Structure formats: C-alpha cells, structure tokens
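Okay, so here's the structure we're looking at.
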Amino acid sequence: MLLTERKELEIFLPTSVQESAQSILTLAADSEETYLLPVLGRPLFNHVNELYQEVPLDEDWYTPKNIEGAPAGHKLIRICQEVVVYMTLANNAGLFSVSMNDAGLNTPSSQGYEEADEKRIDRFVKDAFKKGHRAIDRLLLFLEEDATSEEPEFAEHWKKSKYFYRNNETLFTTAVDFDRYVSIDESREWFVKLLPDIRFCQDTYLAPQIGYDLMDALIGSLISPSSLEKKDLNVWNTAIQKLKQALALYAENRNEKLRRKTSRGEADLSLERAKDYIRNHQSSFGEIMIDSPLYDKTLMGDIDTTDTPKVYQKPVYNYNTDDDGNAVHALFHFNQIP
C-alpha cells in the first residue's frame, strides 16, 4: 500500500481530525487496485510500491512543499497517493456517513460538529471525484514527461500499461495530437477512454475507404518517417493530417459527451477531401496504392522502380503473453519496392 500513516492523509485532508484513519487506509487498498493499477500497469505499480518501502517517513515527507526538490520517485508516489485518497473518499462517502452497530444502521454524530446534510455530502463526493480525476491526469502527464525525457526513469515499466502515453495502433498517437482536432483539454485519461471509439471509427469509416494496407502503412510512417523520400514524406504527412481530421470528427460523433449536430457531416466531408488528396497524389504512395479502392491507373502514371519510396508491410502486433493488460506494440518492417 502507498498509504500507511494518518499524517499522510492530512496532507490531502487538512480539515480531517480523525485520531485513527485505519478505516480509510483499509478502503484505500481497493482504490489502488481499481484506479491506480490500470494507469500504472502491474510492473510500474509494483515498482512504485517498492519505492514507497524506501521512503523515510519523517517530517520532510509530511511537508508537501519539500516534495518539489525530492527525487522523481517520491514525486510519483505523492501523485499516486492523491489519486488514491480522493477516489477512496468519492467512492465511500456513504459508508463514512452511517454507523453499523447492534441496533442496525445509524447516523454517527460528533460532539461539537454539525452533521453534514445530503446536499453537502453530494457536493463532497463531486469535489472528490473531480480532484481524483485531475490527479490521474497529473499522474499521466508526469509519466509522459518522464517517458519523453533524455533519461526516463519509469518508461520501461510503464510501457506495459494501456495508459502508456504513445499509442501505435491508430493515426492518433497522443492525447495532445487528438486535442488539435477535437478539444479534450489535452486530458490523457479521456484520450485513453476514447481509444476504443477511435479504433472503431478508423476500422469502420477510414480503412475500407482508403485500403487497409495503406492505412497500416500510414500508421507505420508515424513510427519510421525517415524511410520515405522528403517529397513523398510531405505528401504522406498531409494525407495523414486530413485523415486525422476525419477520424477525430467521427470519434467526436460517436461519443455522447463530445457530439455536435454537425459532427457526422463534417467527418464525411473531411474524409472525402482526404480521399481526393490521396487519389491525386497516388504516385507518392508507390505500389501500395494498387490494392486501395482509391487506385486510378490513369492518374498513377509510370512508376520509376529504380527510385521509388519505401513503403511499409502490414504491422505485426506483439503481445506480452505474461501480462493480459499489456499494451500492444506494432513493429513495422519496410522494404524497397521491387
């Protein structure tokens, strides 16, 4: 567990006057499994717990401002604790507001304190949920900044999680990338939850229209763009940008919270524009276009087989069979067109 002392709770709950926090600490273990484990993935979750065992529980640890200059591991633990505390409170407010005894269920009372009414409890739960989800997003941002640094400390463990910042299965690789087209406040947590919709829309609306092999190749180029000639790379990047716009709008239309009345119409229009662009620049995609529904031999022209762009074979997805929650990593192999 990442919470073992009452004084650690007081860092996040300065108004708490509990002499014993054992009940909250016990419930916190469930929140760790429910909210923290999916975000971190089992390898990083275990690693963070190991780091916590090494933390000196002294006055410096209980002073929030001292964490700023602390090791990265200590900062990570503190953010994890924030997630656990607020999610525990949000999910168990009902348990805290009643007392079970021989007479049944009763409302506990404290001398000198006014009992919280239903409205205040509801506000408390909403605030706790909001702070908990904000903490999850701060956690994801912290891990993303670490993963993209020159000397990452946690990326090797974190990449086993489905919340790993980079997605290699769709045209959108990061939350920031998706936010350029549809605003999600750059929320990493929201982006991960949108990925099933993004995958569905990519496989249902885009891939059949442009060709599955071409879609795989475009996604592959996001990983190894240097395999293309500069002139062709510019064309591929433009095609990807246009397809991203369509994909984002289709995903927006599929999500009830994001959907606008014009989402589907704008998505269809964006896809048609992307298809027209690809159709009019077929030669830049080489022979991979032959299997695309967009292929038009009259527009293709002659291909110089001695100097053609490298294209990507269909990706091979590798799963870590030891970890059911493991993220999927695509390995893209490319060859010169014969």
Side-chain angles (χ1 to χ4, degrees), residues 31-48 76 79-84 86-87 90-91 128-149 152 154-206 219 222-223 240 243-259 263 315 317-320 323-330:
S31 294
E32 286 187 12
E33 294 284 333
T34 303
Y35 294 98
L36 205 56
L37 178 57
V39 174
L40 300 179
R42 178 63 68 180
L44 182 55
F45 181 79
N46 291 340
H47 180 62
V48 173
L76 176 57
I79 302 175
C80 289
Q81 287 181 325
E82 187 174 0
V83 172
V84 172
Y86 288 121
M87 285 307 189
N91 283 286
F129 261 121
K130 185 180 295 184
K131 291 183 75 66
H133 283 291
R134 285 178 178 172
I136 289 175
D137 231 44
R138 281 200 299 277
L139 173 60
L140 289 169
L141 180 58
F142 177 89
L143 291 171
E144 180 179 329
E145 290 176 345
D146 171 77
T148 55
S149 66
F154 313 109
E156 193 61 32
H157 293 293
W158 187 38
K159 66 172 55 175
K160 306 297 183 181
S161 166
K162 68 178 181 179
Y163 278 80
F164 186 65
Y165 86 100
R166 187 174 179 85
N167 162 60
N168 290 333
E169 298 178 272
T170 72
L171 291 173
F172 289 110
T173 57
T174 66
V176 174
D177 191 18
F178 184 86
D179 194 73
R180 291 179 56 202
Y181 301 89
V182 173
S183 177
I184 55 172
D185 296 325
E186 296 188 1
S187 171
R188 277 69 177 169
E189 183 184 17
W190 200 350
F191 176 67
V192 172
K193 291 181 178 179
L194 280 173
L195 279 176
D197 287 336
I198 294 172
R199 292 190 189 97
F200 175 86
C201 294
Q202 179 175 285
D203 293 341
T204 304
Y205 301 115
L206 272 65
I219 295 173
L222 297 172
I223 298 175
I240 288 172
L243 288 169
K244 280 181 176 180
Q245 184 176 56
L247 180 55
L249 291 168
Y250 279 123
E252 178 185 67
N253 182 67
R254 187 172 167 80
N255 185 278
E256 292 184 2
K257 292 183 179 180
L258 295 174
R259 186 185 302 133
S263 295
Y317 297 111
N318 290 338
Y319 292 82
N320 181 346
D323 186 359
D324 293 336
N326 182 30
V328 180
H329 297 280

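This one's a predicted model, so the numbers in the text were calculated from it and none came from an experiment.
- Heavy atoms only, all atoms of each residue included: L139 and L36 are closest at CD2-CD1, 3.8 Å.
- Scanning all heavy atoms of the two residues, the minimum distance from L258 to E252 falls at O-CG, 3.3 Å.
- F178 is linked by a ring pair (Phe, Tyr, Trp, His ring centres under 6.0 Å) to F172, counting only residues two or more places apart in sequence or in another chain.
- No side-chain heavy atom of S161 sits under 4.5 Å from any side-chain heavy atom of L143.
- Ring-plane geometry between F154 and F142 is classed as tilted, the angle between the planes lying from 30 to 60 degrees on a 0 to 90 degree scale.
- Taking a 6.0 Å sphere around CD of E156, one finds it holds 12 or fewer heavy atoms contributed by other residues, nucleotides or ligands.
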**Prompt:** Do V182 and S263 pass the side chain to side chain contact (heavy atoms under 4.5 Å, CB included) test, and can you show the C-alpha distance, the side-chain angles, and the key distance before you say yes or no?
**Reply:** CA-CA 10 Å; V182 173; S263 295; over 6 Å; no
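- The two residues V192 and Y163 make their nearest non-hydrogen contact at CG2-CD2, 3.6 Å.
- In this model, a donor atom of one side chain and an acceptor atom of the other lie less than 3.5 Å apart for N91 and Y35.
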**Asked** Between L171 and L206, does a side chain to side chain contact (heavy atoms under 4.5 Å, CB included) hold up when you go through it step by step?
**Response** CA-CA 11 Å; L171 291 173; L206 272 65; 4.0 Å; yes
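- At least one donor-acceptor pair closer than 3.5 Å links the side chain of S149 to the backbone N or O of D146.
- Expressed to the nearest 0.5 Å, how far CZ of R180 lies from CD of Q245 amounts to 10.5 Å.
- Under the 3.5 Å distance criterion, the side-chain polar atoms of D179 are left unmatched by any main-chain donor or acceptor of A175.
- Of all heavy-atom pairs spanning Y181 and A248, the tightest one is CB-CB, 3.5 Å.
- Remark: the backbone N or O of K257 is paired with a side-chain donor or acceptor of N255 at under 3.5 angstrom.
- E32 is not listed as a side-chain neighbour of L37, based on a closest heavy-atom distance of 4.5 Å or more.
- Considering OG of S187 and CG of L194, their distance stands at 8.5 Å, rounded to 0.5 Å.
- Of all the heavy atoms in F129 and M87, the pair that sits closest is CD2-SD, 3.9 Å.
- Atom-to-atom distance recorded for D203:CG and I198:CD1 is 12.0 Å, nearest 0.5 angstrom.
- Distance check: L243 CG to Y250 OH gives 10.5 Å after rounding to the nearest 0.5 Å.
- Counting only heavy atoms from C-beta outward, the side chains of C201 and L247 approach each other to under 4.5 Å.
- Here CZ of R254 is found 7.0 Å from OG1 of T204. Values are rounded to the nearest 0.5 Å.
- Remark: side-chain polar atoms of R188 are paired, donor with acceptor, to backbone N or O of E186 under 3.5 angstrom.
- Put simply, the side chain of E169 never gets that close to the backbone of R199: no donor and acceptor are under 3.5 Å apart.
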**Pair V39-V83, side chain to side chain contact (heavy atoms under 4.5 Å, CB included): steps then yes or no** = CA-CA 11 Å; V39 174; V83 172; over 6 Å; no
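- With sequence neighbours left out, K244 forms a salt bridge (Lys or Arg N to Asp or Glu O under 4.0 Å) with D177.
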**Message:** Go through it in stages, so that I can follow the logic: the residues are E33 and F45, the test is side chain to side chain contact (heavy atoms under 4.5 Å, CB included), and I'd like the CA-CA distance, side-chain angles, deciding distance and then a yes or no.
**Reply:** CA-CA 9 Å; E33 294 284 333; F45 181 79; 4.2 Å; yes
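- Considering all non-hydrogen atoms of both residues, K159 and F164 come closest at CA-CD1, 3.4 Å.
- If you take OG1 on T170 and CG on D197, they are separated by 12.0 Å, rounding to the nearest 0.5 Å.
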